[in-house]
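Chain naming here is simple, since letters A, B, ... match the order of the sequence lines and numbering starts at 1 in each. Computed over heavy atoms, backbone and side chain alike; hydrogens, waters and symmetry mates excluded.
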Number of protein chains: 2
Amino acid sequence: MIKRTINRLFIYKNALNHFKKLGFVKVFSDNLADAVGVTPSQVRKDFSAFAISGNRRGGYRVNDLLENINKILGKNKVEEVIVVGSGNIGRALIRYNEGFMKENIKIVAAFDTDSSKADRDNAIPILPFEEMADFIREKGIKVGIIAVPDGAAQHVFEVMANAGIKGVMNFAPIMLKGTPTAVISNVNLALELENIIYYVNAGESAAYL
Amino acid sequence: MIKRTINRLFIYKNALNHFKKLGFVKVFSDNLADAVGVTPSQVRKDFSAFAISGNRRGGYRVNDLLENINKILGKNKVEEVIVVGSGNIGRALIRYNEGFMKENIKIVAAFDTDSSKADRDNAIPILPFEEMADFIREKGIKVGIIAVPDGAAQHVFEVMANAGIKGVMNFAPIMLKGTPTAVISNVNLALELENIIYYVNAGESAAYL
DNA sequence: TAGATTGTTAATCGATTAACAATC
DNA sequence: TAGATTGTTAATCGATTAACAATC
C-alpha cells in the first residue's frame with residue numbers, strides 16, 4: 001500500500017539525515033535497508049514508486065535523495081496542532097512539545113471541558129473547550145490530537161471536524177465514526193505494551209512487532 | 001499474521017468490556033466488527049484461529065468470549081516495567097502511569113545517566129543508570145521502555161538485554177541491533193503526526209492510517 | 001420449520017521479496 | 001572492460017474478504 005511507502009519515506013529521510021551528519025556522500029539501497037530494517041529491494045521499490053532514481057553502480061547521492069524525498073513529503077513550514085484533553089496524556093504531549101518541534105510540529109494550544117483547568121498564561125495555553133471551534137477556524141488549524149476519556153472522544157471529534165480539522169491523532173481506544181473528511185490515526189500506548197508483554201510471557205523472542 | 005490477530009484480540013477484549021458494561025449478553029460478529037472497524041469475516045476468522053466458538057444463529061455470549069480471550073491473552077497479574085530516560089518522553093510516560101495501571105501495567109522505576117536527576121523519594125523513583133542492571137535482576141523485570149536520545153538507545157538496549165529484559169518499547173527513532181532475545185516495538189509519535197500531516201496537506205481524507 | 005449466523009474453505013487482494021537485464 | 005548496483009518485472013508470501021454449507 002502506498003501508505004506504507006509514505007511512512008517508510010519518512011523513515012528513510014531520518015536515516016539519510018543521520019548518514020549526512022556522518023559525512024556520507026553516497027548511499028546504496030543496502031545501507032538504507034540495514035539502517036531502517038527492510039530489504040534492499042524494498043528500498044528500491046519505494047523509490048521507484050516515486051520515480052526517484054540513483055546511479056546504477058553508484059548508488060544514490062545523499063543530498064539528491066533528501067531533496068527528492070523532501071519534495072515528496074513537502075516538509076517545509078511549521079504545522080500548528082492542538083490537543084484536546086489536559087489529563088495525563090494531554091499534559092504529557094504538551095510537555096513533549098519540544099520533541100515535536102524538531103519535526104516542525106508545534107502544539108499551539110490545549111483545550112479542556114473542565115474550564116477550571118484553563119491557563120491562558122502558559123506557554124501553551126489551556127483553554128475552555130467551548131473556545132475550540134472558533135480557535136480552529138480563526139487560526140486555520142488542520143490537525144488535532146484527541147486525548148480525552150473514551151466517552152467524550154466521539155463528540156470531541158465531531159466538533160473538531162465541523163470546525164475544519166482534517167487530521168486527527170486519537171488516543172482514545174474507540175473507533176471514531178462518521179464525518180469521512182478527516183484522516184485518523186489511532187495510538188494506544190497501553191495496547192502496545194500489552195502486546196509486548198504478551199509475547200514476552202509467551203516466551204517469544206527476536207520479533208519486531 | 002498471528003501478530004495482527006493477537007493485537008485485534010486485545011481490541012476485541014476492550015470492545016467486549018464496553019458491551020458488557022452496556023448490559024449486552026450476546027454479541028454477533030457484526031457487532032464486534034462495527035465496534036472495532038474490521039469485517040465480520042475477520043472477527044470470525046480471528047476467533048477460529050484460537051478455536052473460540054460461538055453459537056450458529058446465536059452469536060457469542062459476551063462473558064464466555066471474554067473468558068476465552070482472557071485465557072489466551074493471559075492478563076492476570078500486574079506487569080512491572082521500567083523506563084530509561086527521564087527527558088520529555090520518559091517523564092510524560094511516568095506521569096501517564098495511571099493510564100497504564102488500568103491495563104495492569106505498572107512503571108516501577110525510571111533511570112537516567114544524569115545522576116543529578118536521581119530522585120529516590122518520588123512515587124516512581126528516578127535512579128542512576130548504573131543501578132539499572134541490578135534492579136532488573138533483583139526484581140525480575142522483563143519489560144523496559146527506552147526513552148533516551150538516539151545516540152544512547154543502542155547501548156541502553158544492550159545493557160537491558162544483558163540484564164534479562166525480554167521486551168522493549170523503543171521511542172528512539174533507530175533500529176536496535178543484535179541481541180535477538182527480546183521483543184521490540186518501536187513507537188514514534190512525531191512520525192505518526194508527520195504522516196497525518198502529509199495526508200492532510202495532500203488533500204486526502206476518510207482514511208484510517 | 002424457516003431464518004439467521006457461525007465456521008471454514010476458496011478467492012482475492014496487496015505487499016514484500018527475489019531475480020535479473022540494463023547500465024554506469 | 002569487468003564488476004557492482006540499480007530499476008523493474010515476476011514470483012512469493014501472507015493477510016483479508018467473500019461465499020456458502022453446516023446448524024442452532
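Applying the 4.0 Å criterion to OP1 and OP2 of C:dG7, one finds that B:Tyr60 has a side-chain N or O inside that range. Put simply, A:Thr39 has a side-chain N or O that comes within less than 4.0 Å of OP1 or OP2 on C:dT17. Remark: A:Ser41 is not in phosphate contact with C:dA18, judged by side-chain N or O atoms under 4.0 Å from OP1 or OP2. OP1 or OP2 of D:dT16 has at least one side-chain nitrogen or oxygen of B:Arg4 nearer than 4.0 Å. In terms of phosphate contacts, A:Arg57 brings no side-chain nitrogen or oxygen within less than 4.0 Å of OP1 or OP2 of D:dT6. In terms of phosphate contacts, B:Arg44 brings no side-chain nitrogen or oxygen within less than 4.0 Å of OP1 or OP2 of C:dT9. Phosphate proximity of C:dC24 to A:Arg61: absent, as no side-chain N or O sits under 4.0 Å from OP1 or OP2.
Taking atom CD on B:Gln42 and atom P on D:dT16, their separation rounds to 4 Å, with Å as the unit. The nearest whole Å value for the distance from the NZ atom in B:Lys26 to the C1' atom in C:dA4 is 11 Å. The separation between A:Asp30 atom CG and D:dG3 atom P is 19 Å, rounded to whole Å. Between the NZ atom of A:Lys45 and the C1' atom of C:dT17 there is a distance of 9 Å, rounded to whole Å. Atom pair B:Ile6:CD1 and D:dG14:C1' shows a separation of 17 Å (rounding to whole Å applied).
Aromatic ring orientation, B:Phe111 versus B:Phe135: perpendicular (interplanar angle above 60°, classes split at 30° and 60°). In this structure, B:Phe129 and B:His155 have tilted ring planes: the angle between them lies in the 30° to 60° band.
For A:Phe28, the side-chain atoms get nearest to D:dT5 when compared with the rest of D:dT5, C:dT17, C:dT6.
Salt-bridge annotation for A:Lys13 and B:Glu194: present, with a side-chain N of the basic residue lying under 4.0 Å from a carboxylate O of the acidic one.
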Self-check item: Pair assignment for DNA chain D - dot-bracket with | for other-strand partners, Watson-Crick or G-U under 3.5 Å
Solution: ..||||||||||||||||||||||
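Contact of B:Arg56 with C:dT5 (side chain to base): no donor-acceptor pair of N or O atoms is detected under 3.5 Å.
The residue from A:Asn17, A:Asn7, A:Val43 that alone fulfils the side chain to side chain contact (heavy atoms under 4.5 Å, CB included) condition with A:Tyr12 is A:Val43.
Among all heavy-atom pairs drawn from A:Ser86 and A:Lys117, the shortest one is OG-CD, 3.3 Å.
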